[in-house]
Structures are given as C-alpha cells and as structure tokens.
Undergrad: 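Mind looking over this structure? Questions follow.
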Amino acid sequence: MALPQAKQTATDERLATLNMPDAGCTRKAREAALARVCEMGLPGRRDEYWKYTQPDTLVSADAPFAALFHNDEPPMFDEFDRLKIVFIDGVFSPEDSDELAMDGVSIDRLEDICCKDIHWAKELYGVLEANGQNPVQRPLAALNTAFASDGVAIHVTGKPAKPISLIYRHASETSDAILHHVVRVESGAEVTILENGPAASRFNKCMEIDIADGGTLHHIRAQGRDHQRRAATHMFTRMGTESVYKSFTLTVNGVLTRNEQVVELTGDDAVAHVAGACVGDGEFHHDDTVFVTHDAVNCESRQVFKKVLRNGATGVFQGKILVKEGAQKTDGYQISQSLLLDEDSQFLAKPELEIYADDVACSHGSTSGAIDETALFYLRSRGVSVREATNMLTLAFLAEAVQEVEDEALAEVIVTRLQDWLARRR
Amino acid sequence: MLDIKNLHVKLEEEDKQILKGVDLTVEAGKVHAIMGPNGSGKSTLSYVLSGRDGYEVTDGTATLNGEDLLEMEPEERAAAGVFLAFQYPVEIPGVGNMTFLRTAVNAQRKARGQDELSAADFLKEVRAKAKALKIDADMLKRPVNVGFSGGEKKRNEILQMAMLEPKMCILDETDSGLDVDAMKLVSEGVNALRDEGRGFLVITHYQRLLDHIKPDVVHIMADGRIVKSGGPELALEVEHNGYADILAEVN
Ligand SMILES: Nc1ncnc2c1ncn2[C@@H]1O[C@H](COP(=O)(O)OP(=O)(O)OP(=O)(O)O)[C@@H](O)[C@H]1O
Ligand SMILES: [Mg+2]
C-alpha cells in the first residue's frame, strides 16, 4: 500500500541524508530494516502512536540546532568506578574510553563486527527490533538498525566487577547521532549498564537486550541536561526463564524526549521492572512509551513512571501490558503519575491492558495533580518554608520511581540530581 | 502572650461565618482549655491562628507577644512560636518522619538566627524524646504518619512539639484516639513543657485530659464565640450536665 504523500516525502527526504555504513555481518539486517522503513514510512503527526508527541523534529532531514549545556556540575556517575565507553556526538572515542576489557564480559565496537562475517551479535542485531514492530510500528527504530553508525556489542558471560558505562557527550550544536547497541546476558550472568549524557543535538538510540535464563541486567540511564537536545530511544528486551531486568531512566531537561521500551517476557518466572523519573520546565516535552508483553507463566512486570512538570512542560505516558493466551499467573503493575507544579503544564496518558489469560493479576493507574495543599500546610505549620516544603513533597512524589533503583549509591546520586534541579530554577 | 480580639472569620469559598467575635487571652505560663459542642468553631480557630488557607478574617486581631499573627505566613508563625497539634494529623507518603523533624527543627532555628543542630545532637535529642513518648525507632523511620494508628499519630504530634519547643502550644483534641496509658504519656509530655514562658490552648471534649493537664482557665465556645469562661470546675460541670444549661444561661 502506498504511503500518504506527506509521509512519503518526509521519509524520502530523511533517507536521502543517510548512508548505510560498511555492514559486514549486519548487512542483511540493515537492508531488511531499510525495507521496513520504506514500507512503514517515518512517523508523522497523524499516526495514532504519535498522537501526543510531534515527531517532526525527530524525522526531519537535518538535526535542529541545540546549544551545548554548560555548568560546573560534574557529569552523572563521575564518582563511580566503572568501565567507560565514550561517544562524542555519536562517535566512539578511544582516547576518552577505557580499554574495552573486563572479566566476565566481552565488548566489541559495532564497526569491528561489521568487518566480520561471523559474530554472535549477528543473531541479535535488528532481530529484537524487527520483532518489536508488531503489533505497533516503530519506524525510528528500524531507521536506526539500517543506518546506525556506531555502537557496541556487549556479551556478558559472568559477573563483571564494575558497571559498564556508556557516556554520550555532545560537542557540536548540529550533531545527529544514530547509535545501536546489542547486549546479551548469558545464563546466570549479571551486569549493570549505565548510560548518561545528551549524546548529540539529535540522538536516535536503539538497544537490543537479550537476557538468557537466569541472567540479570540492571540498566540505569540519565539523559543529558542540554535544554535543546532531542532524543528518540528504543530499548528492546527479550527475557528468558527466571531472568531479571531492571531499568530506570532519569530525565532532566531536554526539549524533546521519546523513550520507547519494549519488553517481552518469554521465559517463565521472569521479572521486569521499567521505571522513570523526569522533571521538566517550559518547553520540555517527555514521552515514555512502554509495551510489555507477557508470553510465559508466572512472570512479574512493573512500570513506574513519575513526571514533575512546570512552566508549561508536557509529559506523555503510553503504557501497555499485553498478556498473551497461556501467560497464567501474570503479575502486571503499571502506574504513571504526574505532578503539575502550575496550571500551564500538562500530562497526557494512555494506559492500556490487554489480557488473554484468565488467571492473572494486573492493575494500572494514572493520575495527574498538583501539590497536596493539606500536606503543604502541615509542613509549613512546622516552620518549613513553602519552597522547601514543595521540594520535599516533590521528591516524595518521585520516590516510588527512584526506589526501583536497587543500588543505594546510585539512587542517592539520582536524588541529588533531582534536588539540584529543584533548587536551580523558579 | 496570645491575644485574640473580636475575631471574625468566614470561609473564603462560601459565604459562611464561622467565628463571630472571639475574645481570648492566654498568658505565658498558663493553660487554657476550650470546650464546646461539635461544629462550634474550635478547630477553625486553631487553623486561623496557624495560618491555614481557606479562611478570611473579616474583623478583629490576633497577636502573639504583640506581633500580628494574621499577617504572617504559616512558617513565620511557627518561627514566632505557634504550634498546632492537629486534630487530624496529615499523612505524607515519601517523606521520612526523621527527615521531616530535622528539616522543621533546623528551619525554625535558622529563622531565629540560630545554628543548625548537628546530626548527632539532633539524633540524641529525638531518641530521648521519642522514648519518653514510647515512639519506637521504626516509627521514626517511617513516612510521616503513614500507617500510624490514631494514637500513634497523636503521640507523633507531641514529639514534634517537644522537638520544636514552641511558645504557644495549641492542642486540638489531642486526647481523642488515645488509650488510657497513651493519654498519660502524652499528658506527661505536655506537662514537661509547661513553664513560665509558654502558653497552652487545649481543645478537648473531655474532662479526662484535664485531670492530667490541669487547666488554669476553661472556656466554653459555642456558635463561633467564647460564651463562658471559668476555672477548672467549669469542665466538670460540662462533664456532668453537658452544654444545655450553659447555653440556656447565656442565651
Ligand atoms: N472548609 C470548610 N468548608 C465548609 N465548612 C467548614 C469548613 N471548615 C469549617 N467548616 C464548618 O465550620 C463549623 C466549625 O467547624 P470546626 O471544625 O471549627 O468545629 P469544631 O468546633 O472543631 O468541631 P469538633 O468538635 O467536631 O471538632 C462547622 O459547621 C464546619 O462544618
Ligand atoms: Mg475540631
């Protein structure tokens, strides 16, 4: 079927700016992904899945200008001992990175994989993304698979002593980065992956994660604070029996962020938690789009998303739990909440449940509200200033999401960043 | 110390007059009790004194040691020495009781130009005061009032009062929901704070509390006014005969 004219034009214009890199063993996957892009077309304003977020600037031929963010705060996770992998405007920087070697894990650059005919990542690259196109299309992820210019393949076979830290620096005001990572966590292996930084003026990131039986992945991400940066990210996660996936995203600032998480629980007794806390001012637009599929017995999934919005900021949540036939004893939970610090800000939510099994416990809730006046008065009546009381209640609101971070030290730096944000503006 | 003159208050949202000319003076070092039928305006008075939104003062004044309370923000009143033990203490999920207490204590110290209490000193003080009120360590760690029983919430109010050492303590039905032993603990907590420089306004329905916290003056509030004041014997009269006789007498 032919695409609508506007979509066709937008897609053609975007594709004209991109070159498929030397693909090696990823070539087939890239070509198939390009075919998907051509068939689906890139997202447009009229697409149902983009009802609340305008994709124009994520799709346009060139990346919009984004000023660099300067301040004297140290970058996130700086104080942690970790294996650093640095990308500047989407290009791997060997000088800034650590040696890509550590016990329990092997790490290869996408570029190196592309020179090879055989590599484990071939079984994963573009595969989960292609799976994740059903039942909802995610053309920006397919675009990523086709044209990603850099990225890493992380193969976790043991329990590395340090987190693997993907650091994305932003150096050019018009940079346009497409990164694609693949991660395989082997049976019984366990790793923490950190991501932080704005990456580029416009960032398209895709990560495909395959967690084998009994594997565990902790994923903690802090998206860059550059006010004008834009990002569209996709995380595709496939989970085996008794595997564990815990993902938390902190977003502070950024004019446009669309984070899609696609989680498929394919083995029994798996546990997936995806959480996020975001705080935004003014032109800030933040969209969490989550799709969790239960396709096995006795799995648990939790989605916890909290947004604090002020000065006209917009928050979006589209979250779905799909329980397939036979996925009995599913325990699915989803909560999305926004705290609106003024009347100009807005929260748009579309929570969905679709259940084809009869023995399941699923719940979802979505709320949007202002600071609780009674609680505020109670704190003030004890001598706490309006401002400090508001900050305390705001952090309390975010706490349920931050609690999803198991590592206490990491949770603490996240809280500190949120406190900084609260202190910085208004 | 606390001087309330001809205080008239209506609801902001509705055209409903609740306080219709309250006159009341609480001297430093004294305990005044207010009794009165449900809905007579006792809690409203306590909220207006502590600065809650939603009320409009249409006439009259309220001062603390000569300072105009009605002009101040709630936190300024707290710093000036006003404390209200709420009839219904508020639950605040996500805010730890300890964090809340320390923030409050330090905010008030700061407002008064004092140094913040060190973490160690604060902890020592909280522990000692909590112990006297039989508040266990677990309750201190939990979020403010969340999941506390009715009596635990009231004891937590008194703990806050003990930590903040206010000049003017207003207790709104702190006895309701307390068992006999807790009533004794709470009363001891209050009595320990009684001194020359501190005034108390104790709102209650029952003589029982006043057996423990001996009032100097008892007031009867009805329909937004103090209609009668007297000594401790007035509370006993209410206990035995209810309000009918008193109300008939003033009308
Ligand atoms: N926000 C409000 N909206 C509507 N009515 C109110 C509000 N606040 C107080 N009132 C009314 O004002 C009157 C006085 O209430 P208040 O709570 O002060 O009484 P009280 O003397 O403390 O009663 P109780 O002994 O039952 O605690 C009541 O009729 C109450 O319904
Ligand atoms: Mg009352």
Side-chain angles (χ1 to χ4, degrees), chain A residues 248 250 275-279 304-308 335-339 341 343 365 367-405 408 411-412 414-416 418-419 421-423, chain B residues 46-55 69 72-97 99-112 114 143-146 153 156-157 159-161 163-166 168-170 172:
Chain A
F248 175 86
L250 170 72
C278 82
V279 292
V304 182
F305 288 88
K306 301 266 187 164
K307 297 175 196 283
V308 175
I335 183 92
S336 64
Q337 296 183 305
S338 76
L339 175 63
L341 294 180
E343 283 173 6
T367 65
S368 187
I371 286 276
D372 178 351
E373 287 296 329
T374 311
L376 189 65
F377 172 64
Y378 190 67
L379 294 172
R380 293 178 71 189
S381 78
R382 298 315 186 228
V384 183
S385 70
V386 188
R387 180 163 179 159
E388 194 167 3
T390 304
N391 289 355
M392 282 173 90
L393 294 174
T394 303
L395 282 176
F397 166 79
L398 293 166
E400 188 188 355
V402 180
Q403 274 158 16
E404 291 293 326
V405 178
E408 277 180 28
E412 207 177 299
I414 288 164
V415 169
T416 305
L418 292 166
Q419 281 168 332
W421 181 85
L422 288 165
Chain B
S46 69
Y47 285 143
V48 170
L49 292 174
S50 49
R52 187 174 190 150
D53 279 347
Y55 304 101
L69 283 180
M72 295 183 206
E73 297 295 333
E75 55 270 34
E76 293 169 340
R77 301 182 198 206
V82 175
F83 179 92
L84 168 62
F86 283 55
Q87 182 173 359
Y88 304 107
V90 181
E91 297 190 4
I92 311 186
V95 174
N97 212 8
T99 313
F100 163 56
L101 268 174
R102 200 173 64 230
T103 310
V105 167
N106 284 332
Q108 293 204 16
R109 292 179 72 95
K110 205 170 136 198
R112 297 189 197 115
Q114 298 166 314
V144 181
N145 293 324
V146 177
K153 284 181 183 170
N156 200 29
E157 293 290 287
L159 173 63
Q160 292 168 34
M161 186 168 91
M163 290 301 297
L164 294 168
E165 300 181 335
M168 183 64 230
C169 308
I170 306 168
D172 191 357

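Letters A, B, ... are given to chains in the order of the sequence lines, protein chains preceding strands, and every chain is numbered from 1. Worth knowing before you read on, the calculation uses all heavy atoms, side chains too, and leaves out hydrogens, waters and symmetry mates.
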Undergrad: Are the charged groups of A:R382 and B:E157 less than 4.0 angstrom apart, N to O?
TA: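 Yes, charged N to carboxylate O under 4.0 Å.
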Undergrad: For A:E388, which atoms come within 4.5 Å of any heavy atom of chain B: side chain, backbone, both, or neither?
TA: side chain
Undergrad: Take the angle between the ring planes of B:F100 and A:Y378 and call it parallel below 30°, perpendicular above 60°, tilted in between.
TA: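 Rings of B:F100 and A:Y378: parallel, under 30°.
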Undergrad: More than 12 foreign heavy atoms under 6.0 Å from CD of A:E343: is that the case here?
TA: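 At most 12 heavy atoms, drawn from other residues, nucleotides or ligands, come within 6.0 Å of this atom.
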Undergrad: If you look at every heavy atom in A:A396 and B:P93, which pair is closest and at what distance?
TA: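 Here A:A396 and B:P93 meet closest at CB-O, 3.4 Å.
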Undergrad: Heavy-atom distances under 4.5 Å only: say whether B:R52 touches chain A with side chain, backbone, both or neither.
TA: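 For B:R52, backbone and side chain are both near chain A.
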Undergrad: Using heavy-atom distances under 4.5 Å, tell me whether A:L379 contacts chain B through its side chain, its backbone, both, or neither.
TA: both
Undergrad: Look at A:G383, A:A375, A:S381 and state which one has the largest set of heavy-atom pairs under 4.5 Å with chain B.
TA: A:G383
Undergrad: Need one label for B:V105: side chain, backbone, both or neither, based on atoms under 4.5 Å from any heavy atom in chain A.
TA: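 Neither the backbone nor the side chain of B:V105 comes within 4.5 Å of chain A.
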Undergrad: What are the two closest non-hydrogen atoms of B:A107 and A:V384, and how far apart are they?
TA: CB-CA, 4.2 Å
Undergrad: Rounded to the nearest 0.5 Å, how far apart are OG1 of A:T374 and CZ of B:F86?
TA: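 It comes to 9.0 Å.
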Undergrad: Nearest 0.5 angstrom please: A:R380 CZ to B:D53 CG, how far?
TA: 7.0 Å
Undergrad: Count the heavy atoms of every other residue, nucleotide or ligand shown that sit under 6.0 Å from CD of B:E73, and state whether that count exceeds 12.
TA: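 Yes - once you tally the heavy atoms of other residues, nucleotides and ligands closer than 6.0 Å, there are more than 12.
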Undergrad: Under a 4.5 Å cutoff for heavy-atom pairs, which residue among B:L101, B:T103, B:L164, B:T99 has the most contacts with chain A?
TA: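 Of B:L101, B:T103, B:L164, B:T99, B:T103 has the most heavy-atom pairs under 4.5 Å with chain A.
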